[in-house]
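All values below were derived from every heavy atom in this structure, side-chain atoms included, with hydrogens, water molecules and symmetry-related copies excluded. Treat the numbers as computed from the prediction; the structure is a model and nothing was measured. Numbered from 1 within each chain, the chains take letters A, B, ... in sequence-line order.
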Amino acid sequence: MDFTFNDDQLMFRDSVKAFLTNEMTPEHIRSLWDTDSGRSPEFWPKLAELGLTAMTVPEQYGGLGMNALDFVLLAQECGYAAMPGVLVETALVAIPLIAELDDAHEGFKQDWLPQIAEGSARVAVAHPDNLLVADAHMADLLLLAHNGEVHGVPAVDVTLEANPSVDPSRRLFSVQWTPSDATKLADAETGALLWQNAFNRGALGVAAQQLGLAKRMMDVTVDYTYERKQFGKPVGSFQAVKHMMADVAVKVEFARPPLIKAAYDIANGEASAALAVSHAKLVASEAVRAAAKNGIQAHGAMGYTWEVDLQIFMKAGWAMDASYGDQGTHKVRIKSAILAEGAALGAGASF
Amino acid sequence: MDFTFNDDQLMFRDSVKAFLTNEMTPEHIRSLWDTDSGRSPEFWPKLAELGLTAMTVPEQYGGLGMNALDFVLLAQECGYAAMPGVLVETALVAIPLIAELDDAHEGFKQDWLPQIAEGSARVAVAHPDNLLVADAHMADLLLLAHNGEVHGVPAVDVTLEANPSVDPSRRLFSVQWTPSDATKLADAETGALLWQNAFNRGALGVAAQQLGLAKRMMDVTVDYTYERKQFGKPVGSFQAVKHMMADVAVKVEFARPPLIKAAYDIANGEASAALAVSHAKLVASEAVRAAAKNGIQAHGAMGYTWEVDLQIFMKAGWAMDASYGDQGTHKVRIKSAILAEGAALGAGASF
Amino acid sequence: MDLNYTQEQQAFRAEVRQWLEANVPSEPLASFDTAEGFAQHREWEAKLNEGRWGMVTWPQELGGRGCDLIQWLIFEEEYYRSGAPMRVNQNGIFLLGPTLMEYGTEAHKARFLPKMATGEEVWAQGWSEPGAGSDMAAIRSKAERQGDHYIINGQKTWSTRAVWADWTFGIFRTDPDSSRHKGLTFILVPLDAPGVTVQPIPQLDGLPGFAEIFFDNVKVPVENVLGGENNGWNVAMSTAGFERGLMLRSPARFQETARRLVELYKANQESADRDPAIGEAVMRAYLDAEAYTQSTYMTASRLIKGGKIGPESSTNKIFWSELDQSMHQAAMSILGACAELWPHAPAAQGVGKWLDGFLFAQAGPIYAGTNEIQRNIIAERMLGMPRA
Amino acid sequence: MDLNYTQEQQAFRAEVRQWLEANVPSEPLASFDTAEGFAQHREWEAKLNEGRWGMVTWPQELGGRGCDLIQWLIFEEEYYRSGAPMRVNQNGIFLLGPTLMEYGTEAHKARFLPKMATGEEVWAQGWSEPGAGSDMAAIRSKAERQGDHYIINGQKTWSTRAVWADWTFGIFRTDPDSSRHKGLTFILVPLDAPGVTVQPIPQLDGLPGFAEIFFDNVKVPVENVLGGENNGWNVAMSTAGFERGLMLRSPARFQETARRLVELYKANQESADRDPAIGEAVMRAYLDAEAYTQSTYMTASRLIKGGKIGPESSTNKIFWSELDQSMHQAAMSILGACAELWPHAPAAQGVGKWLDGFLFAQAGPIYAGTNEIQRNIIAERMLGMPRA
């Protein structure tokens, strides 16, 4: 029993954090908002250079063969930076989904996984439980669902329609396409399991990013409470403001263990993974809501402006809230697990 | 349209408040806790002298012919004082229930109502939606339910078993009795309506008392925040303590209008009475919970002691919480009303 | 107590309803935080005024209808029920208008009220200053008396409507040696005066809902003072009292939001009920909007009988702003994956203006005195707790 | 990261379980806030100690098992799972015991630890003083050095277990010119010493769960000082650190309450589901108890690898105390009309000890440093917000 990350995992997290702090500044994010694609052409290659696009690609396809647990801290940092784009979804959903295809699609894997690992190809995922497809406009390959089947379709064969989100970083598309035997990667029976696994990994990725965002909102707000003054004192010295931030800290602090547990369960194929993921996603979503609400409140009127960076993180947090299952979806899964006949509850049943 | 009480109503409220402030002190309540009956033999006659037992008795039976709206402010004061006993239930439930009996029971009315009005007889109500009967040990007459019928049984014909409550003021009993034609006052069909009306009036009475209790908890806590010192200052000067009391004040302030509206609806036989009562009861219950929680917190460790008077009001508020319908009961009624096809909602639909 | 409307009140309601049915634009106007929308809303104010529905609480002789508060509530109910445009000139009608009637000279009234009523002159408020926020006494903008003029220098911020408005009102420090509440004067300033610069502040939705106003030696005649020199705090408190009170946060607005929320819930009940918190929030929205309405009617009835608004009005601010936030959060939860989409997104089904409303609701607990300030007021002035 | 128990850990769990199954009293003991119950609990401590299960985290040579924190968690899980009695001597085992090991001399350890382990000497804590509460530095009780003794005068309050305990530990002002954290000394005082008066404080349930302790010229030898004169604050902080940390609020306790709540809910689901907030609260109870457990395992793993507990431990206090409150409120809601009844009421069906637990849960956010103090600590020390 050891509930800690190893030094490699922590060091890699630190280096990604440092990279994002330098590269993905709020100013840069704002400048990307004004571009058509919302994406910087130089950025994805840098992610690839850091090994981030190869992290979860199996070694035989030129990747690093890492798992969800290795990636979860990085996903949190992507959230913390409000990094636009779908690196997290690529690493946690798209790549494992392709890797999980059966041997009949070995050629497909060999075609795509090495390219994805080296950053020369990008994938978008149209998960059937999501309404829209993020970053479809940047993708070379789209993984699509049709009656439960999994299909892989090159970008040239799809038509996209943009759907503006409250988060200007988020680029969402409806996809028009035609399924065929040639595009089919898994039938409905296999697909059910693949999409289910993909759902859990996608939810984990959103939870990790939301938790990072909640933490970031907390940090920028605490900073701001030194700047903003009322009655001649920094607002951060008022007990009401302190306590509203302390409440956020409690939520963030106790959203972290469930997230790590969920990543561990996914990485190790534990039966408890679905419950763990839903727990993580629910509390991360709640942490975002609390951090946004109390963050804007502690900012005062500035929190309601375009100027203050808080908006970047609030909107990112709000916008992805229902991605890979809204709170209702996850509550249903949690309740059915804990109310099940013979569910393992109580002291000693956690691990 | 005039949503104010008249001067008579307010003056009577003030005199009852003054009476209770003098007579029903926390010290007196504590002394009653140590008695077998929990009741002072001198007290009921004083209530009768003030006209409180006659308030809702129709004039032709020697009463004052007042209604639920006239009584609701007094019920709040009874709550504010944590007055032990069932004056509120007598005035709002027992007396109207007897008065609503059909003409075949004119003799029963003439037997009992004048005595109740003058305070020489007392009634206890075993409402079928309640688990136990309050103050059955003090009653001369019990109104009981049997398969939806209404029965009236003299105290000599029942056997009581005491059920200790968390509130030492509250004396609850299971009642053993034998229904007969002689005891029957209404058949099941008429009874359904009578019990339903009684339920609404009983819930109104509990809501009024709970709101009074919430207000009292707020007041004793505010007083205490001057006494209790931390870090050399009265705790009431700390913003966190102020805000926790302000939160209670908001709940209390906005639980009042629904209570008055419910009393008005009952007094005037409005179709909206059931919804209004459930609203009032739900928010009064929430006000009690908030006032108790924040009250004990602002008291610090003293709030957890037997010594501090807060306990009297917390326990009274908690103990009656599920009487005449718990939160679930009232939520169900509210939801079915507002989700009904064609429900009148929105601006202009309130009155 | 009588909770029935009188025949006159019913007739009044019918008259309002009829006029609105005939006159409310069939297409929603553009946001008044855009130049186009501002012009449309100004036009709507003029139309309202033509029907004498622009400022119903003003006296008859000033172009109003002398409505009492119950009539005003009825008017508001019908107004919100009809889906009529938001009032771009509420700063004038509800804040400055009544203040002018209380503190203004006859000349002031004649000069300002008619154009306010027609929407010809739209007013921005100039309360806050940078670094002051909810601390209204921390005023540093100065007005220096020079003969029959003041020379104004300084800066106001969070001035709602200022980007396209014509005039602003606010308090300025006229006694340079004073501090806090003393030595302030309430002055009306035309926004096209030389030396005035209006700097838009884009809000969460990117539109300039408020602005900073810079005053650089702005010359304003002494006639523009309201309530006398160095008496500004009292005048401002009367204005802010209205703001904190009931006039600006009509229960009808929240009742209509609650009604729309119930509809949204019923239309999506199956998916919404996967999250029991949603049904609870919907029920709560209805109940709280109702309680707020009842509370307002109680206050209105009391005021009509000569009562006064006290510090308990601070409970209102907290109640409606938190209600508004939670109603919009509930709507977002019901909308699920559609919640994040702007209404013009092709996949956005039935989203209405919920996202706009959600963003706007975030400001509720902040503006007009943060809810923390309101809680301080409740604790100290209503409950009598010790000051810090 | 490896979330599997080792074979050794599994074997340890099996051993604990077996012993508890064989030894836990079949009938629940009376409350240790009664004389009878206290004696029963003292007996149970002795029995635990016979099996060497009394203080599993103490070193082998002191009669413990040298368990690391993971083993301790396993022990606690089995302990709560078995329904074993509450620990009457937790002040000794978890607070003073470790402090003695850190600051005590060999003589101290030999004198106090064995009798603490057997339950022969039960310890009360003497932290708070009247009018101080969560402000631990506001100590006014004095200990005056006279030769090889101290003469203690003053008063402690909120001393848990003091009514029937044998000893108390606390800090006393030894430097009369000092203030706040300075000039304090940590002293062990026998409660039967002449001049000591213990005045019970009845709590919400009427039982004397704590007491005031009056010291009137109480003579205590200097050997009873722990950690040296005027060093009391440091010693106390180490003790309080444990209290605020994980040792006293074992996740197993909350997991078992959550499990019982799920059972209560399932047994009453139809009526409970009339109030959707109940199902939510039950789900929340399970999740929060789980999160608290995970968090504790993370901290334990970190500490085993040499990490330190920091100010984030203040988040624990808030989390478990609010969890405990809301779990018990949920149970009361499920129990409905039975919630107010004591278990011996004839009509009380299936109420178990929920009412007791509900009352006790009210104290959670207050004792061991109010949650307001914890929020201050989180804001200032964990988040680095400006001090007032």
Side-chain angles (χ1 to χ4, degrees), chain B residues 33 129-132 161-168 170 172-174 227-233 235 238-241 244 282 285 289 292-293 295-308 310-311 314-315 318-333 335, chain D residues 128 130-135 137-138 157-158 200-210 271-278 322 325-326 329 332-349 355-356 358-360 362-367 370-373 375-376 388:
Chain B
W33 286 358
D129 290 335
N130 285 336
L131 180 68
L132 295 164
E161 193 173 33
N163 280 268
S165 159
V166 66
D167 175 12
R170 201 160 143 87
L172 297 171
F173 298 87
S174 343
E227 273 177 52
R228 182 178 161 224
K229 295 208 166 67
Q230 291 275 295
F231 304 99
K233 293 198 289 186
V235 295
F238 289 97
Q239 204 181 23
V241 176
M244 95 184 46
L282 179 61
S285 161
R289 293 184 186 186
K293 189 174 172 179
I296 198 170
Q297 191 67 22
H299 270 76
M302 282 308 293
Y304 190 65
T305 64
W306 191 263
E307 177 189 338
V308 154
L310 179 67
Q311 68 143 325
M314 287 198 300
K315 288 175 177 174
W318 287 330
M320 68 174 69
D321 199 51
S323 182
Y324 290 99
D326 59 12
Q327 291 197 356
T329 304
H330 292 286
K331 284 181 178 179
V332 166
R333 299 208 317 174
K335 279 189 198 157
Chain D
S128 297
S134 289
D135 180 9
T157 191
W158 309 125
I201 305 178
Q203 58 196 18
L204 270 190
D205 61 7
L207 298 175
F210 20 63
S271 80
D273 278 349
R274 292 170 311 132
D275 183 354
I278 292 177
E322 295 188 347
Q325 249 186 346
S326 65
Q329 178 61 66
M332 300 300 274
S333 295
I334 295 172
L335 290 170
C338 282
E340 64 172 307
L341 300 179
W342 292 109
H344 58 285
Q349 293 298 315
L355 178 55
D356 263 328
F358 174 75
L359 295 179
F360 182 59
Q362 306 308 316
I366 296 166
Y367 71 97
T370 65
N371 285 9
E372 286 67 47
I373 298 285
R375 288 191 169 88
N376 289 349

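Neither the backbone nor the side chain of B:L310 comes within less than 4.5 Å of any heavy atom in chain D. Contacts of D:A339 with chain B are absent, with no heavy-atom separation under 4.5 Å from either backbone or side chain. In this structure, the portions of B:S165 lying under 4.5 Å from any heavy atom of chain D include both its backbone and its side chain. In this structure, chain D has a heavy atom under 4.5 Å from the side chain of B:M314, while its backbone stays farther away. Contact of D:F358 with chain B is made through the side chain alone, with heavy-atom distances under 4.5 Å. Using a 4.5 Å cut-off between heavy atoms, B:A162 contacts chain D through its backbone alone, with no side-chain atom that close.
Among D:I278, D:D275, D:L359, the residue making the largest number of heavy-atom pairs under 4.5 Å with chain B is D:D275. With chain B as the partner, the residue from D:P202, D:A277, D:A337 showing the most heavy-atom pairs under 4.5 Å is D:P202. Looking only at heavy-atom pairs under 4.5 Å with chain D, the residue among B:M302, B:E307, B:E227 that has the most is B:M302. The candidate from B:A322, B:G328, B:G325 with the greatest count of non-hydrogen atom pairs under 4.5 Å with chain D is B:G328. Heavy-atom pairs under 4.5 Å with chain D were tallied for B:Q297, B:E161, B:M244; the largest tally goes to B:Q297.
A distance-only check finds no donor-acceptor pair linking the side chain of B:W306 to the backbone of D:Q203 [under 3.5 Å].
The CZ atom of B:R289 lies 4.0 Å from the OG atom of D:S333; values are rounded to the nearest 0.5 Å. Atoms NZ and CZ, from B:K331 and D:R274 in turn, are 10.5 Å apart once rounded to the nearest 0.5 Å. Of the inter-residue distances, the one linking D:D205 atom CG with B:Y304 atom OH reads 5.5 Å to the nearest 0.5 angstrom. Here CG of B:N163 is found 8.5 Å from SG of D:C338. Values are rounded to the nearest 0.5 Å.
Across every non-hydrogen atom of B:A319 and D:E340, the tightest pair is O-OE2, 3.0 Å. Considering all non-hydrogen atoms of both residues, B:A240 and D:E372 come closest at CB-CG, 4.0 Å. Closest approach of D:Q362 and B:W318 over heavy atoms only: CG-CH2, 4.0 Å.
Two residues are said to be in side-chain contact when any heavy atoms from C-beta on lie closer than 4.5 Å; B:T305 and D:F210 meet this criterion. For the pair B:I296 and D:L204, the minimum side-chain heavy-atom distance is below 4.5 Å. Looking only at side-chain heavy atoms (C-beta outward), D:L341 and B:P164 stay at 4.5 Å or farther from each other.
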